[in-house]
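Note that ligands are numbered from 1 as they come in the structure, with each ligand's atoms numbered from 1 the same way. Just so it is clear, the model here is predicted, and its values are computed rather than measured.
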Amino acid sequence: MTTPIIPTEMTFFARFESDILSGKKTITIRDEAERHYVPGTTVDVSTYEDGRWFCRLEILSVEPIAFSDLNDFHAQQENMTLTELKAVINDIYPGIEKLYVVNYTLVK
Ligand SMILES: CC(=O)Nc1ccn([C@H]2C[C@H](O)[C@@H](CO)O2)c(=O)n1
């Protein structure tokens with residue numbers, strides 16, 4: 001039996017940093033490769049572009065979601081409209097239907 005590796009790091013595109021730090025963005029939607037975050041653990045967060053650390057987040061939950069089931073509540077939690085959110089996700093994960101909502105809170 002293999003021991004699961006608990007992720008301790010997460011990256012975000014730098015353009016989302018201010019929304020995360022202000023508490024306006026409280027979820028991120030990731031693909032299969034990033035579904036292994038564990039509720040109750042904390043992760044160090046840095047920018048995807050240059051690896052600059054900017055905060056720690058506590059993972060609250062990780063729930064599967066189909067792209068076609070994304071709704072206005074998800075968009076609100078991302079501080080976007082649903083149209084914007086779907087466009088962002090389509091850009092990052094083109095054609096991927098099976099996704100995961102990672103809910104987090106800023107560690108102060
Ligand atoms: C490497 C990678 O995939 N990085 C990501 C993925 C997603 N995000 C943001 C963009 C949206 O706000 C949500 C939904 O995917 O999460 C990101 O910043 N970096």
For E9, look at atom CD and say whether over 12 heavy atoms of other residues, nucleotides or ligands are found less than 6.0 Å away.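 Check fails, neighbour count at 12 or below.
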
Looking at F54, I want to see if its CZ is surrounded by more than 12 non-hydrogen atoms of other residues, nucleotides or ligands under 6.0 Å. yes

Give, for atom CD of Q77 and atom NZ of K24, the distance between the pair rounded to the nearest 0.5 Å.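 Answer rounded to 0.5 Å: 16.0 Å.
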
Answer whether the closest heavy-atom distance between the side chains of T28 and E34 falls below 4.5 Å.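 No, side chains not in contact.
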
Heavy atoms, side chains only, cut-off 4.5 Å: are Y93 and R30 in contact? yes

By salt bridge (charged side-chain N to carboxylate O under 4.0 Å, His left out), which residues pair with D31, not counting sequence neighbours?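 If we apply the salt bridge (charged side-chain N to carboxylate O under 4.0 Å, His left out) test to D31, skipping adjacent residues, there are no hits.
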
Below 4.0 Å from any atom of ligand 1, which residues have a heavy atom? Give them in chain and number order, please.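 Answer by chain and number: T11, F12, F13, F16, K25, T28, I29, R30, E34, Y48, E78, M80, V88, I89, I92, Y93.
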
